[in-house]
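Accompanying notes for the structure given below.
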Amino acid sequence: MESWVHGFSIFLIFFFTYFLFSHAQMPGFVSLDCGGTGNFTDELGLQWQPDDRFRFGGTANISIPNETRKQYMTLRHFPVDNRKYCYTLNVTSRTRFLVRASFLYGNFDDNNVYPKFDLSMGATPWSTIVISDANTIEVRELIFLATEPTISVCLSNATTGQPFISTLELRQFNGSVYITDYENEYYMSVSARINFGADSVDPVRYPDDPFDRIWESDSLKKANYLVDVAVGTEKISTKMPIFVDKDERPPQKVMQTAVVGRNGTLSYRLNLDGFPGGGWAFTYFAEIADLGLNDLRKFRLVLPDAPSVSKPAVNILENAQGKYRLYEPGFENLTLPFVLSFKFVKTPDSTLGPLLNAMEINNYVKKNGGTLDGPNLASLASHYSSADWAQEGGDPCLPVPWSWLQCNSDPQPLVTVVKLSNKNLTGNIPPELTTFSGLIELWLDGNSLTGPIPDFSGSPNLKIIHLENNKLTGSVPSSLARLQNLRELYSGNPNLHKANSGGLHLGIIIGSATGAAVLLIATIVFCIFLHKGKKPKKRYTDQARLGHILPSQKIPSSLENTATEAAHCFTFSELEEATNDFEKKIGSGGYGVVYYGKLKDGREIAVKVLTSNSFQGKREFSNEVTLLSRIHHRNLVQFLGYCQEDGKSILIYEFMHNGTLKEHLYGPLTRERGINWIKRLEIAEDAAKGIEYLHTGCVPSIIHRDLKTSNILLDKNMRAKVSDFGLSKLAVDGASHVSSIVRGTVGYLDPEYYISQQLTDKSDVYSFGVILLELVSGQEAISNESFGVNCRNIVQWAKMHIESGDIQGIIDPSLRDEYDIQSMWKIAEKALMCVQPHGHMRPSMSEVLKEIQDAILIEKEARGGREGISDDFSRQSLHSSIHLGSVDLGPTDSYLSFDESIARPTAR
Ligand SMILES: *[C@@H]1O[C@H](CO)[C@@H](O)[C@H](O)[C@H]1NC(C)=O
Ligand SMILES: *[C@@H]1O[C@H](CO)[C@@H](O)[C@H](O)[C@H]1NC(C)=O
Ligand SMILES: *[C@@H]1O[C@H](CO)[C@@H](O)[C@H](O)[C@H]1NC(C)=O
Ligand SMILES: *[C@@H]1O[C@H](CO)[C@@H](O)[C@H](O)[C@H]1NC(C)=O
Ligand SMILES: *[C@@H]1O[C@H](CO)[C@@H](O)[C@H](O)[C@H]1NC(C)=O
Ligand SMILES: *[C@@H]1O[C@H](CO)[C@@H](O)[C@H](O)[C@H]1NC(C)=O
Ligand SMILES: *[C@@H]1O[C@H](CO)[C@@H](O)[C@H](O)[C@H]1NC(C)=O
Ligand SMILES: *[C@@H]1O[C@H](CO)[C@@H](O)[C@H](O)[C@H]1NC(C)=O
């Protein structure tokens, strides 16, 4: 044992000396400029050094508009192979650190295939890096207690593009900042670190934060980051010093700004990377406002999914025992969703609204203890520190093994194959090689090893040993006979003689001359080849090549959103079985025909067979489908997987029991399935949430392009979900990325987009406005009869009525008088805003959503009143003169796909 430990530390010395940095600005700060060429100090005073001693990969220079920081203009990239590439950094054991890796793609490979690869911290999977924009920096941070003298950060498993890295930073904390009960078994991955009330969009970091944590500004604009801000939210700040305790959990500058909820509430919503899961969440308060004599600031945290955390009330002055002092309540272990909505609400006795200075949320990442053979392997490698194969770094087996090893699949694996043939090894057979209890094959042939063959009884599972073509001496030891599983031993060495005991049996092959050994190797290689060829079925090899992903794990259903990154690949035969040979057609649309299916596990599915020839090559398809599978929201139809076989492209979704909104609004079933106003409002709310998420919660944001009532589906409980999102990305848009084809459906198509071909999220807002008008009127978007002479279009018709104050003229008669006129007006007016001719005049989906929610509140209040009194203003008779009955005009749902040449619009 002792010798292993000794060997291990020698290995470390050899391995890490090239990360020497003399007098860094802060002890324990390391800033590596990957792909860089020289030392420099940046404008913050951080000293950067190149990773030029790193042995692997290539470097590249990139240029990004408006990015001037030198460390981001270079990167190091790695080959696409089965290996991992590891950076190793010295740390001080039993000390807490922050490690930060950043990735700025900048299209360095002139390829525009956005890379996706895995990042690991030693043996522990840390994060999957998914680049979705060439000019956006992806950052990952991990807080950890060092338990070894070094850490390694590794890149591996590129499923698209090449792995690369722009910067790698290490920051040492002082004392007990971030101490937790779990730190020996878990890392903390940083999900959110927010400075509220910030005076600019720039983050606060070094030197304001002595540990160079990055406190993001709350006015930063990024996807689903601090949206849904409550009315009355205001920024406040102070120049007074703030007493933050010695640990400097938020630095003073962060605590000097805050937001207050003047109307009694602070509310926010944001995405939390790494969640759902268990996490660490702290809020930071300091009273920095001037309070009157009778003022009281008292409030509670409200987390919709965790009522239990909402009990204690915060009174900053009392809790912090004075003004300008830090109070930091938090949870060391709290289960949080991926999309977190939270609120601070004043208590009834409080005269002031809540105040919030800062917040931090980290996600627990369970550490993997790594390969059990790790110390011995490290010791073995340390004997050969000048060889590349001994410098691969990280854990020997995880997340992928070193190039000369194979490991079993235990959570803490054992080495099964050591392949060091022809590696120029000298000296005795290293003693570490006799210690691997799971070893099955040992290849040491073609080296210059000397000395005797050691006792391998520590590896009782050994089946194959190759020792030929070395300079071994002595005799073949009888201990080999005790290896019950040994089948093949190649020992061809000129000076080696057979053991005289009759111990060796069971057809062990003992070559005694070089030539014989070579022959035998040829035989064995052939056998192995046959053996390998037998195992994997074609299907799996295809999947592996395409970088497909296994089905995701089940994620608690209580969570609003989930962030799996798995696109399940169904086989065609599985789908044939599920759909009973595509028996039951349940719909069709622009992208293909939809069939009903039921999986073996009972799950009902909708199987969409895409119209052939309109989809990109296999690799792009699986790339896009993987992106699609990352979009999860309660109000988006869940994407379950895909299949691409025999030239067919198929997408699989959850089955929605109540069909489309279209069927409920008009069509043959309207009479029995008709839906009342409050239900329509709820459907509008659901759909708006789904679309808002596409626009603001996805990176890059997704424009639906084909919103219509037949793309809004209703589940068992009549909750609405949006379908067919993200599909337009899959379809080929001509040769380039420039959209040359206008897509959409007649009646819902944004006229501005149609004319300019410039697609924005406001085109979806237009289509949604049309849907709102349909909900109000029960009329289809386009009709030859309903809208009177010279008008075929719901927008023109509704506009005319609403603008002249005649809202009654368009309200669906089947609603009778069961609605509140105010809520109806709210929706009608918003709908008109949505269908404004120019995108910039239309509201955002978030604004539309707010309006719908207001309308719901009004409607619910009014309902209470209506139940008793029947105040009939005979609206019924008013509408009936207008309503001409609704006919399902099938063809109006037809799909538009103009070629540029014929779609040049004329002025309208
Ligand atoms: C890293 O650790 C090794 C072994 O303790 C030591 O020899 C080396 O100087 C260290 N490197 C740096 C940069 O501190
Ligand atoms: C760069 O900085 C590191 C440590 O900060 C130092 O060890 C190294 O000598 C410097 N290299 C050059 C070329 O100045
Ligand atoms: C990147 O730019 C630096 C400095 O201009 C240059 O020395 C280096 O060769 C460039 N690297 C590549 C890969 O082009
Ligand atoms: C770069 O910065 C300038 C001035 O701040 C701004 O006008 C321009 O839009 C920016 N360009 C990009 C691509 O962000
Ligand atoms: C918020 O408060 C202000 C002033 O206290 C008031 O004028 C405004 O109506 C309130 N807004 C809401 C939505 O309650
Ligand atoms: C957190 O609490 C849950 C139970 O609520 C427990 O299962 C888990 O191990 C705890 N620790 C971490 C680090 O999540
Ligand atoms: C093998 O090792 C010897 C000495 O250790 C060295 O001189 C020689 O260059 C090495 N050969 C190869 C091919 O690495
Ligand atoms: C590689 O990545 C894919 C998807 O990104 C994942 O399913 C697979 O498990 C990863 N492989 C390893 C060895 O981590």
Side-chain angles (χ1 to χ4, degrees), residues 16-42 44-54 56-64 67-79 87 89-90 104-111 121 124 126 142-145 162 164-172 178-191 272 274-282 303 305-309 330-337 361-369 553 555-556 558-559:
F16 307 113
T17 36
Y18 64 84
F19 286 119
L20 264 175
F21 358 86
S22 42
H23 312 284
Q25 67 282 11
M26 281 285 290
F29 270 38
V30 177
S31 307
L32 282 185
D33 170 20
C34 304
T37 48
N39 288 352
F40 69 95
T41 301
D42 72 10
L44 299 174
L46 295 168
Q47 289 166 11
W48 291 86
Q49 53 184 309
D51 66 343
D52 52 0
R53 305 288 299 275
F54 197 72
F56 304 104
T59 63
N61 294 332
I62 55 173
S63 106
I64 303 286
E67 181 56 75
T68 54
R69 288 168 294 178
K70 203 166 174 225
Q71 64 270 28
Y72 288 114
M73 304 209 259
T74 61
L75 55 82
R76 182 175 294 274
H77 55 87
F78 301 99
Y87 284 85
L89 302 169
N90 275 359
L104 178 56
Y105 172 52
N107 196 20
F108 71 85
D109 52 1
D110 264 336
N111 199 351
M121 167 84 160
T124 306
W126 171 0
L142 209 61
I143 291 170
F144 64 95
L145 173 71
Q162 284 181 61
F164 73 93
I165 182 165
S166 304
T167 68
L168 186 60
E169 297 161 78
L170 191 64
R171 308 287 182 247
Q172 184 177 332
Y178 301 108
I179 185 170
T180 76
D181 288 346
Y182 309 103
E183 62 186 353
N184 286 310
E185 293 97 53
Y186 291 85
Y187 299 123
M188 289 203 294
S189 169
V190 176
S191 291
L272 291 180
F275 287 91
W280 178 104
F282 273 72
L303 286 184
D305 294 329
S308 65
V309 308
F331 302 90
E332 255 200 29
N333 183 5
L334 184 64
T335 301
L336 292 173
I361 299 178
N362 301 326
N363 171 234
Y364 282 117
V365 174
K366 179 103 174 99
K367 283 194 209 179
N368 186 307
Q553 285 166 345
I555 284 175
S558 65
L559 302 161

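Remember, it's 1-based here, ligands and their atoms both numbered in the order they're listed.
- Taking a cut-off of under 4.0 Å to the non-hydrogen atoms of T59, the atoms of ligand 3 that pass are 13 (C).
- Note that SG of C34 is 4.5 Å distant from CG of D51, once rounded to the nearest 0.5 Å.
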- L303 and L334: side chain to side chain contact (heavy atoms under 4.5 Å, CB included), yes or no, with the steps? CA-CA 11 Å; L303 286 184; L334 184 64; 4.3 Å; yes
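- For atom 4 (C) of ligand 6, the nearest protein heavy atom lies 4.0 Å or farther away.
- In terms of protein heavy-atom proximity, atom 7 (O) of ligand 3 is nearest to T37 CG2, 4.2 Å.
- Without hydrogens or angle criteria, S31 side chain to E169 main chain gives no donor-acceptor distance under 3.5 Å.
- The protein heavy atom nearest to atom 9 (O) of ligand 3 is N61 ND2, 4.8 Å.
- Taking the six-membered ring where the residue is Trp, F78 and F54 present perpendicular rings, their angle passing 60° and hence far from 30°.
- No donor-acceptor distance shorter than 3.5 angstrom exists from the side chain of Q47 to the backbone of Q49, with no hydrogens or angles considered.
- Where the criterion is an N or O separation shorter than 3.5 Å, residue side chain and backbone included, N39 meets it with respect to ligand 2.
- Protein heavy atom closest to atom 8 (C) of ligand 6, with residue, atom name and distance, is N333 ND2, 3.7 Å.
- For the residue pair Y364 / N362, no side-chain donor-acceptor distance below 3.5 Å is found, with atom types taken as modelled.
- Closer than 4.0 Å to atom 14 (O) of ligand 6 lies at least one heavy atom of the protein.
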